[in-house]
Amino acid sequence: MCSRFELNANSRQVTARFNLLAPPGMPNRAETRPTDSALVIGVGGASLARWGLAVEWDSRPLINARSETLASRPTFRRLLGCRVLIPASAWWEWRAEGTRRIKTKLAPAKSGLFAFAGLLDGECFTMITCAAPTELAEVHERMPVILPPEAEAAWVDPAVPYAEMAPLLRPMAGPFTIEAEAPPSPVQGSLF
DNA sequence: CCAGACGTTGTT
DNA sequence: GTCTGG
DNA sequence: CCAGACGTTGTT
DNA sequence: GTCTGG
């Protein structure tokens with residue numbers, strides 16, 4: 001599921017939206033993929049972290065954590081107090097249509113920045129997922145957890161027990177904008 | 001980052 | 001070799 | 001002891 | 001590498 005997202009904003013906009021004390025250094029690109037650096041906001045403010053936890057049994061980064069089970073997974077359990085916000089403006093899923101996969105850009109219809117729920121492990125982070133609501137299920141059955149803005153401060157506060165935060169890990173209410181992106185064009189068209 | 005696809009016709 | 005998706 | 005999981009997503 | 005189940 002979510003293996004790509006966007007933060008289409010500048011440092012000043014992020015500072016204002018998340019009440020930061022100082023403008024953060026921003027990622028090089030708006031579009032973030034696994035292992036890329038992304039902006040994360042924790043109890044100590046904003047910083048850059050790599051997307052995906054390193055695990056011993058797979059060379060690929062562990063980019064998602066299921067909300068339904070993360071409290072019982074040893075890999076994530078130790079991180080339940082290292083909660084971070086991941087500022088974003090949209091994310092992508094791939095809708096299966098026969099054998100084709102249609103890249104689809106998703107965002108809350110109410111425009112503006114929002115925050116995914118993440119867990120930080122040193123310099124790497126993972127993104128928490130939940131079931132997708134009906135409106136999005138036809139695109140993809142899962143989605144990243146988007147926190148209600150009023151819960152963002154508590155989410156990053158390690159003094160707040162995880163048990164109080166767990167109820168937040170559920171599908172965001174819509175509506176959403178859903179934009180299918182143009183299928184990739186051939187690198188070289190036919191000559192005639 | 002890395003594994004897997006990358007295409008179609010016609011049909012095992 | 002390059003692109004795509006997880 | 002030792003094979004298999006360990007985590008996700010999507011699904012042969 | 002470490003943990004778990006048979």
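Numbers restart at 1 for each chain; the letters A, B, ... are given by sequence-line order, proteins then strands. Atom set for the values below is all heavy atoms of this structure, side chains included, hydrogens, waters and symmetry mates excluded.
Shortest non-hydrogen contact noted between Val84(A) and Trp155(A) is O-NE1, 2.9 Å. In this structure, Ala117(A) and Leu169(A) approach most closely via the heavy-atom pair CB-CD2, 4.2 Å. For the pair Ser89(A) and Leu113(A), the tightest heavy-atom approach, listed with the atom from each and the gap, is CB-CD2, 4.0 Å.
At a threshold of 4.0 angstrom between heavy atoms, the contacts of Thr126(A) with the nucleic acid are absent. Asp58(A) comes within 4.0 angstrom of a base, heavy atoms only.
Under the 4.5 Å side-chain criterion, counting only non-hydrogen atoms from C-beta, Asp121(A) is not in contact with Cys82(A).
A distance-only check finds no donor-acceptor pair linking the side chain of Glu164(A) to the backbone of Pro161(A) [under 3.5 Å]. Formation of a donor-acceptor pair under 3.5 Å by the Arg83(A) side chain with backbone atoms of Asp157(A) is found in this model.
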Any protein N or O atoms within reach of nucleotides 1-5 of chain E? Criterion: under 3.5 Å, listing atom names and distances.
| residue | atom | partner | partner atom | Å |
| --- | --- | --- | --- | --- |
| dG1(E) | O4' | Glu56(A) | OE1 | 3.2 |

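One can place CG of Leu53(A) at 11 Å from C1' of dT8(D), the figure rounded to the nearest angstrom. Between Arg33(A) atom CZ and dC1(B) atom C1' there is a gap of 11 Å when expressed in whole angstrom units. Computed from coordinates, the Glu68(A) CD to dT9(D) C1' distance equals 12 Å when rounded to whole Å. The interatomic distance linking Arg66(A) (CZ) with dG6(C) (C1') rounds to 14 Å, in whole Å. Following rounding to the nearest Å, Trp51(A) (CH2) and dC2(B) (C1') show an atom-to-atom distance of 15 Å. One can place CZ of Arg95(A) at 20 Å from P of dT9(D), the figure rounded to the nearest angstrom. Between the CZ atom of Arg78(A) and the P atom of dC6(D) there is a distance of 16 Å, given to the nearest Å. One interatomic measurement links the two molecules: CG of Leu62(A) to P of dT9(D), which rounds to 9 Å at whole-angstrom precision.
Annotation: cation-pi geometry satisfied between Lys103(A) and Trp92(A) (NZ/CZ under 6.0 angstrom from ring centroid, within 45° of ring axis).
Taking 4.0 angstrom as the limit, Thr69(A) places none of its side-chain polar atoms (N or O) nearer than this to OP1 or OP2 of dG7(D). Between Thr75(A) and dG7(D), a side-chain N or O to OP1/OP2 separation shorter than 4.0 Å is present. Here Arg142(A) reaches the OP1 or OP2 of dT9(D): one of its side-chain N or O atoms lies under 4.0 Å away.
dT9(D) and dC6(B) are spaced 23 Å apart, taking the P atom of each and rounding to whole Å. Spacing between dG7(D) and dC3(E) at atom P, rounded to whole Å, works out to 12 Å. Rounded to whole Å, the P atom of dA3(D) lies 45 Å from the corresponding atom of dT8(B). If you take atom P in dT12(B) and the same atom in dA5(D), they sit 36 Å apart, rounded to whole Å.
Between the side chains of Arg142(A) and Thr129(A), at least one donor N or O sits under 3.5 Å from an acceptor N or O. No side-chain donor-acceptor contact under 3.5 Å links Glu93(A) and Thr104(A).
Counting only Watson-Crick and G-U wobble pairs whose two key distances fall under 3.5 Å, DNA chain D forms stems of three or more stacked pairs at D:1-6 with E:1-6.
Using bins of under 30°, 30° to 60° and over 60° for the plane-to-plane angle, the ring pair Phe5(A)/Trp51(A) lands in the perpendicular bin.
With dC2(B), dT9(D), dG6(C) as the choices, the nucleotide that has an atom nearest any side-chain atom of Ile63(A) turns out to be dG6(C).
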